[in-house]
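Let me begin by presenting the structure, written as structure tokens, before commenting on it.
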Amino acid sequence: MLPQIEKTEPPFWYAGMNNPELQILFYGKNIAKYKVSISNKIPIIKVNRTENPNYIFVTIATKNCPPSDFHFIFKENEKVVFTQKYSLKQRRENSAERQSFDASDLIYLLMPDRFSNGNWNNTNDASTTEKYNRELPEGRHGGDIQGIINHLDYIQELGATTIWSTPLCEDNDAVCSYHTYAQSDVYKIDPRYGTNEDYVKLASELHKRKMKLVMDYVVNHWGLEHWIIKDLPTKDWINQFETYTQTNHKRTLVHDIHASKIDTKTCFDGWFVPSMPDLNQRNPLVLTYLIQNAIWWIEYANLDGFRVDTYNYAEPEAVAKWTKAITDEYPNFNIVGEISMRDQAQLSYWQKDSVIGKIQNFNSHLPSIMDFILSDALLTVFNEDGNWETGMIRIYNNFTNDFLYPNVNNLLAFAENHDTHRLNHVYYNDIQKYKMAMVLLATVRGIPQIYYGSEIGMNGNKDNGDADIRYDFPGGWKNDTNNAFTKTGRTPMQNEYFDFTSKLFNWRKTKSVIHSGKMTHYIPEDNVYIYFRHDESESIMVIFNNRIDAKTLDLNRFQENLKNYKTGKEVLTEINIDLTKEILLEPKSVLLLELK
């Protein structure tokens, strides 16, 4: 029986990349014993054999190579035993200069398994273990890529310009595989979501609408069921200890000048959970594999950005190299990292070109980071009456530290996501408080992100488990009695939420003063907070009354920004407000004024 190549990764590549070196992994029974050559003049730079004879890593130089097919030749005793075809494909025009998501966008975060089932035929797959069970809260519910495509008009109508989907690559865990963060094949879309071609179609359909697609990338870990984990190329492909060791989650260790070596090792080498082996990005073979996998998806699926899960759980210097390799290839490509720090100095340390990071000669090269501090405030503030440290002062204090960030307009601003309480749970489905949170999110610096279903009033309590904040979107399954994807199918309450959210964020689309204008804010008094977004041509005034009673607002204090403006048109009600007089603020309310 002739030897067989079971895996080739990347499965193909592209001509004309900025980095001409390409590391190709070949996997098959005892293939390391063969001598490797190439059928044409493409040079082999090096061949890496590891302690596992089932792997061979071949690095080639692709500089000046046109798109073409060629063969790797595997010999034993100078005799050809078998060959393996490989392809360099043509890149899309201007691929390297592709644009990405930015502060002009609204990101819609969804979980594909819980959004919509568009193709019943892929609900189960023979190659994967966990089967469809919509009755099980943590089970597979059958949402898929076609379900997303079917409802792009809905997402666009809402005012969203960009979709961030939680991971779509295969996760073959026996239970709880629906979240797909324990991936078992990072070159393959989970067949219960569809095919690789379906993912490409999703990007294409978004681009037809001038919308964007952000991939949720996991650089820190894979799942135990990943085919490489089951037959490691090297023992140090993953971080291992004598006994199972979980991360201590103390990511402050990266900049702690007093940290012990054992604490630091446990933080960055410990596993996130027992089912997610921690990848050793210090291993050059691993790091190159991860870089190439990320770039392959950008080229293949024509992606517009990454959100990187557990970014600062990975080895810091290595993940910085991973990030730089991608942005060297695509200078305009935005990458936002999940860095759940609750201190602005520590959080800003991780943004590209941080002055604080420079103190320790560290640069993450990471363009964007998630503003968890703002999220924490938004999930509490509108339930607070306000004193010297609660209420709107929480929001104000967050923005007073914006000087720490190298690029404050490239922060991801959010109130909630798939790991937090639902906003509507925290505020007991009080739509006034929801409106206040959304107006703030829509009008402050950075890139706003909203979480699927909140725009129709969905709620969920994380204390009851993750499934409670990840309900199925009503109408995403053919037998659903409530179809919230359509105006006629929504309840009156759902329409009130949706209509407000749609009006707000479609307005935001057109406002460069929000995307890139300056911000001037005023210290909150009596739990009332006012700020302005302004540039040379326009000024927006935002007024929050976070009190449980009405408040009369004297505008004299704000003349620095009011200047000669006499009227403010309230965006949501379209009522004109006289700025030469006091304003009566209703309890728990917000005014969004275009100054005239």
Side-chain angles (χ1 to χ4, degrees), residues 9-10 13-14 17-25 45-46 48 50 57 59-63 96 100 183 186-187 215-222 228 233-234 236-239 247 251 253-255 264-265 267-270 272 277-299 303 305-339 347-369 406-407 410:
E9 294 183 343
W13 198 243
Y14 293 88
M17 303 300 289
N18 179 60
N19 181 358
E21 291 192 9
L22 172 63
Q23 171 189 288
I24 304 171
L25 175 158
I45 298 173
K46 60 184 174 182
N48 290 91
T50 67
F57 295 83
T59 302
I60 65 174
T62 65
K63 187 174 183 180
S100 197
Q183 295 170 82
V186 294
Y187 278 99
M215 173 181 259
D216 199 329
Y217 197 92
V218 189
V219 74
N220 179 65
H221 54 263
W222 289 340
I228 291 180
T234 64
D236 70 346
W237 190 272
I238 58 176
N239 292 310
T247 178
R251 279 96 67 217
L253 287 158
V254 71
H255 49 69
T264 302
K265 180 175 177 58
C267 176
F268 297 110
D269 293 359
F272 196 74
D278 197 74
L279 294 166
N280 176 18
Q281 299 89 10
R282 289 181 295 266
N283 181 326
L285 295 175
V286 176
L287 183 59
T288 300
Y289 182 100
L290 293 170
I291 291 169
Q292 291 182 172
N293 175 253
I295 290 173
W296 185 87
W297 277 112
I298 294 169
E299 286 291 331
L303 298 177
F306 282 146
R307 179 266 185 182
V308 183
D309 182 68
T310 55
Y311 185 91
N312 64 337
Y313 281 82
E315 200 285 320
E317 294 292 342
V319 75
K321 291 178 181 177
W322 177 87
T323 308
K324 188 175 187 301
I326 295 167
T327 53
D328 281 351
E329 196 69 59
Y330 308 96
N332 303 315
F333 195 79
N334 207 357
I335 305 174
V336 57
E338 181 192 28
I339 299 168
L347 188 58
S348 66
Y349 177 95
W350 287 93
Q351 193 175 29
K352 178 183 178 182
D353 298 331
S354 168
V355 175
I356 296 175
K358 189 176 180 180
I359 295 171
Q360 294 185 327
N361 296 315
F362 177 75
N363 191 341
S364 71
H365 302 286
L366 180 66
S368 177
I369 50 182
N407 186 353
N410 205 22

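The residues of the chain are indexed from 1 along the displayed sequence. No experiment lies behind these values; they were computed from the predicted model shown.
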Between [X] and [Y], what is the shortest heavy-atom contact and its length?
| X | Y | value |
| --- | --- | --- |
| Pro367 | Phe333 | CG-O, 4.1 Å |
| Ser348 | Pro406 | O-CD, 4.4 Å |
| Ile326 | Ile298 | CG2-CD1, 3.8 Å |
| Val254 | Pro316 | CG2-CG, 3.4 Å |
| Tyr311 | Gly337 | CB-CA, 4.0 Å |

Got a donor-acceptor contact below 3.5 angstrom from the [X] side chain to the [Y] backbone?
| X | Y | value |
| --- | --- | --- |
| Glu329 | Met17 | no |
| Gln281 | Lys321 | no |
| Thr247 | Phe272 | no |
| Ser364 | Ala320 | no |
| Thr264 | Leu253 | no |
| Gln351 | Leu366 | no |

Side chain to side chain donor-acceptor pair (under 3.5 Å) evaluation trace for Asn293 with Tyr217: CA-CA 10 Å; Asn293 175 253; Tyr217 197 92; 2.7 Å; yes
Pairs flagged by salt bridge (Lys or Arg N to Asp or Glu O under 4.0 Å) wherever residues 305-320 is involved - sequence neighbours left out: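 Qualifying pairs, neighbours excluded: Asp216-Arg307, Arg307-Asp309, Arg307-Glu338.
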Arg251, Gln360, His255 screened by side chain to side chain donor-acceptor pair (under 3.5 Å) with Tyr349, the one that passes: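 With Tyr349 as partner, side chain to side chain donor-acceptor pair (under 3.5 Å) holds for just one option, Gln360.
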With Glu299, the side chain to side chain donor-acceptor pair (under 3.5 Å) member among Tyr14, Trp13, Tyr330: Tyr330
Ring centroid separation Trp350 to Phe362 under 6.0 Å: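 They qualify: ring centres under 6.0 Å apart.
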Qualifying residues under side-chain hydrogen bond (donor to acceptor under 3.5 Å, both in side chains), relative to Asp353, sequence neighbours excluded: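 So Asp353 forms a side-chain hydrogen bond (donor to acceptor under 3.5 Å, both in side chains) with Asn363.
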Contacts of type side-chain hydrogen bond (donor to acceptor under 3.5 Å, both in side chains), residue Asn334, not counting sequence neighbours: Asn410
Do [X] and [Y] have side-chain heavy atoms sitting under 4.5 Å apart?
| X | Y | result |
| --- | --- | --- |
| Gln23 | Leu285 | yes |
| Leu290 | Leu279 | yes |
| Trp297 | Met215 | yes |
| Asn19 | Ile295 | no |

Non-neighbouring partners of [X] that pass salt bridge (charged side-chain N to carboxylate O under 4.0 Å, His left out), sequence neighbours left out:
| X | result |
| --- | --- |
| Lys265 | Asp269 |
| Lys324 | Asp328 |
| Glu9 | none |

Chi angles and distances behind the side chain to side chain contact (heavy atoms under 4.5 Å, CB included) call for Asn239, Arg282: CA-CA 10 Å; Asn239 292 310; Arg282 289 181 295 266; 3.4 Å; yes
To the nearest 0.5 angstrom, please state how far the [atom1] atom of [X] sits from the [atom2] atom of [Y].
| X | Y | atom1 | atom2 | answer |
| --- | --- | --- | --- | --- |
| Ile238 | Ile228 | CD1 | CD1 | 11.0 Å |
| Thr59 | Leu22 | OG1 | CG | 7.5 Å |
| Asn283 | Asp236 | CG | CG | 4.5 Å |
| Leu303 | Trp296 | CG | CH2 | 10.0 Å |
| Ile335 | Thr323 | CD1 | OG1 | 5.5 Å |

Tyr313 vs Asp278, side chain to side chain contact (heavy atoms under 4.5 Å, CB included): CA-CA, chis, key distance, verdict: CA-CA 9 Å; Tyr313 281 82; Asp278 197 74; 5.6 Å; no
Step-by-step side chain to side chain contact (heavy atoms under 4.5 Å, CB included) determination, Thr50 to Phe57: CA-CA 9 Å; Thr50 67; Phe57 295 83; 4.0 Å; yes
